[in-house]
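Reviewing the structure listed below.
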Protein chains: 2
Amino acid sequence: MTVRTENAEEYLEAIFKLQHSGGTVTVKRLAAELGLTSPSVSEMVHRLRAAGLVERRGRRGRGRGIRLTEAGLAEGAALVRRHRLSERFLVDYLDMPWDVVHEEACKLEHALSPEVEARLAEQLGNPLTCPHGHAIPGEDGSLPDERLQALTDLRPGDAAVIGCIAEEEGDLLRYLASLGLLPDTPIAVESVAPFNGPLLVRVGDAQYALGREVTDRIMVRH
Amino acid sequence: MTVRTENAEEYLEAIFKLQHSGGTVTVKRLAAELGLTSPSVSEMVHRLRAAGLVERRGRRGRGRGIRLTEAGLAEGAALVRRHRLSERFLVDYLDMPWDVVHEEACKLEHALSPEVEARLAEQLGNPLTCPHGHAIPGEDGSLPDERLQALTDLRPGDAAVIGCIAEEEGDLLRYLASLGLLPDTPIAVESVAPFNGPLLVRVGDAQYALGREVTDRIMVRH
DNA sequence: TCTCATATGTAGGGTATCCTAATCGTGAAG
DNA sequence: CTTCACGATTAGGATACCCTACATATGAGA
């Protein structure tokens with residue numbers, strides 16, 4: 001049962017995230033998430049199952065698909081926790097820009113022991129979210145399920161607070177940072193142009209016109 | 001030429017360290033250092049050579065054995081640098097005890113990009129040594145060769161300063177820390193018991209009798 | 001009930017890395 | 001000058017992944 005490799009960890013993390021984003025975890029979805037082919041994923045899922053980290057429910061009904069076992073859940077949560085703590089570390093301690101930390105954290109997450117993870121969390125002040133606003137699982141693997149909605153789905157006049165950005169890296173993040181559209185920022189929709197046009201939003205004293213590509217990725221709460 | 005794997009990095013680091021500790025780098029020594037068999041090492045050395053990271057000198061005379069090329073040297077130095085910076089980080093920022101950080105750093109060193117490495121060094125105040133006293137290679141790969149000698153080799157009456165501890169982890173380090181025998185600590189030999197007996201040393205106001213197993217691993221400078 | 005689109009799985013093949021056992025080569029010693 | 005010990009290498013085999021091509025199975029709709 002040599003399934004504590006870095007590769008296996010990637011799978012567990014991906015399954016954990018898919019499982020928590022709701023919906024059924026299938027081989028196909030996993031393959032898409034990981035950028036691999038279905039047979040490769042199918043094979044690894046068998047290994048993970050043999051190792052007792054994953055189980056398959058019948059293929060019909062609600063609870064179908066791939067599920068993490070108790071052990072797998074703990075592993076997956078720990079990986080996500082380490083990933084997001086790493087991002088916080090890179091931003092808070094090393095002053096790195098938030099649009100590059102995801103990739104760096106992908107490597108770091110596999111290099112943190114529970115001990116280092118715990119001390120890092122403490123040094124960082126036990127943060128609750130990553131720089132993009134995603135919740136950091138607790139040491140017990142718990143993850144609050146906030147119900148966020150895309151900014152796109154607000155109506156004119158609605159006010160909200162940015163919860164997280166559904167994008168881990170790239171130009172979009174740089175753009176948002178340049179506008180000050182960061183997690184926990186209050187934002188209000190002033191108008192919505194028809195035919196899938198831009199949203200006119202207010203942030204503090206500023207007003208911006210944001211396209212759907214952007215507003216789809218800004219997740220807000222009330 | 002897929003030789004930028006974590007495994008290959010381990011080899012490069014080991015070769016770098018053996019090369020700098022003087023002496024010839026052979027397959028056998030490498031195998032011992034890495035805890036692998038000779039055939040495995042032989043094979044990887046071929047891969048590294050194909051990748052232009054290593055070269056073999058003739059098997060006689062001074063410069064024989066395995067040598068890092070320019071490229072390999074840079075890689076090796078970077079790995080050692082990241083390893084020792086990681087140790088500093090673990091001790092200075094996360095308050096971990098110095099006898100456990102080696103193992104943690106073994107994992108971390110492969111997860112640091114040049115960018116992260118640079119920022120980490122800066123945040124830590126560009127330290128020159130790891131917690132055990134070993135010099136941290138510069139960004140250019142340079143490594144000063146201090147000429148240290150084992151405490152064992154001093155004569156009664158000699159005074160010196162602890163340079164580094166030739167041991168990365170374990171009880172010995174805990175023991176030394178409990179006595180305050182850390183790098184940069186002044187130390188004087190008061191007497192040496194015959195028949196490979198203990199050394200009586202003075203450290204500040206304290207006096208300790210240290211066995212050869214211990215004094216062999218305490219490297220000092222003047 | 002039967003058929004088909006689609007997800008899943010099997011077959012077969014490739015690479016990187018490790019191992020054990022056997023072979024090769026060379027300097028030193030007789 | 002021959003032999004031998006020992007380090008290096010080759011041979012052959014295992015495992016963990018990954019892939020492409022092909023086979024199966026199943027729910028949905030005819």
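Numbered from 1 within each chain, the chains take letters A, B, ... in sequence-line order. The shown structure was predicted, so the numbers you read here are calculated from the model rather than taken from an experiment.
For the residue pair B:His110/B:Glu9, the side-chain donor-acceptor check at 3.5 Å is satisfied. Judged by distance alone, the side chains of B:Ser142 and B:Asp140 do bring a donor and an acceptor atom under 3.5 Å apart. Side-chain atoms of A:His132 and A:Glu169 include no donor-acceptor pair closer than 3.5 Å.
Using a 4.0 Å cut-off, no side-chain N or O of A:Tyr11 falls inside it from OP1 or OP2 of D:dA16. Regarding contacts with the backbone of C:dT17, a side-chain N or O of B:Thr5 is found under 4.0 angstrom from either OP1 or OP2. The side chain of B:Arg49 contributes no N or O atom lying less than 4.0 Å from OP1 or OP2 of D:dT9.
Rounded to whole angstrom, the span from the CG atom of B:Leu36 across to the P atom of D:dA8 amounts to 14 Å. The interatomic distance linking B:Leu30 (CG) with D:dA8 (P) rounds to 9 Å, in whole Å. The CG-P distance, from B:Asn7 to C:dT15, rounds to 17 Å in whole Å. Atom CE in A:Met44 sits about 15 Å away from atom P in C:dG9, given to the nearest Å. One interatomic measurement links the two molecules: NZ of A:Lys28 to P of D:dA25, which rounds to 20 Å at whole-angstrom precision. The distance from atom CZ of B:Arg56 to atom P of C:dT26 is 13 Å, rounded to the nearest whole Å. Between the CG atom of A:Leu34 and the P atom of D:dC19 there is a distance of 10 Å, given to the nearest Å. Following rounding to the nearest Å, B:His46 (NE2) and D:dA11 (P) show an atom-to-atom distance of 12 Å.
Among the nucleotides D:dC19, C:dT20, C:dT8, the one closest to any side-chain atom of B:Thr37 is C:dT20. Closest approach to the B:Ser40 side chain among C:dC19, D:dA8, D:dA16 is made by C:dC19 (side chain taken as heavy atoms from C-beta onward). Of the candidate nucleotides C:dG9, D:dA16, D:dC18, D:dC18 has the atom nearest to the side chain of A:Glu43. Nearest to the side chain of B:Pro39, among C:dT17, C:dT10, D:dT9, sits D:dT9. When the nucleotides C:dA16, D:dA8, C:dA11 are ranked by their closest atom to the side chain of B:Arg47, C:dA16 comes out on top.
With respect to the salt-bridge test (charged N to carboxylate O, under 4.0 angstrom), the residues B:Arg212 and B:Asp216 do not qualify. Note on A:Arg29 versus A:Glu33: no salt bridge recorded, every NZ/NE/NH1/NH2 to OD/OE distance being 4.0 Å or above.
B:Arg217 contributes no side-chain N or O that, together with a main-chain N or O of B:Glu167, makes up a donor-acceptor pair within less than 3.5 Å.
Rounded to 10 degrees, the angle separating the terminal axes of the helix from C:dT1-D:dA30 to C:dG30-D:dC1 is 30°, with each axis obtained from five end pairs.
You'll find the side chain of B:Arg82 stays beyond 4.5 Å of the side chain of B:Leu120, heavy atoms only.
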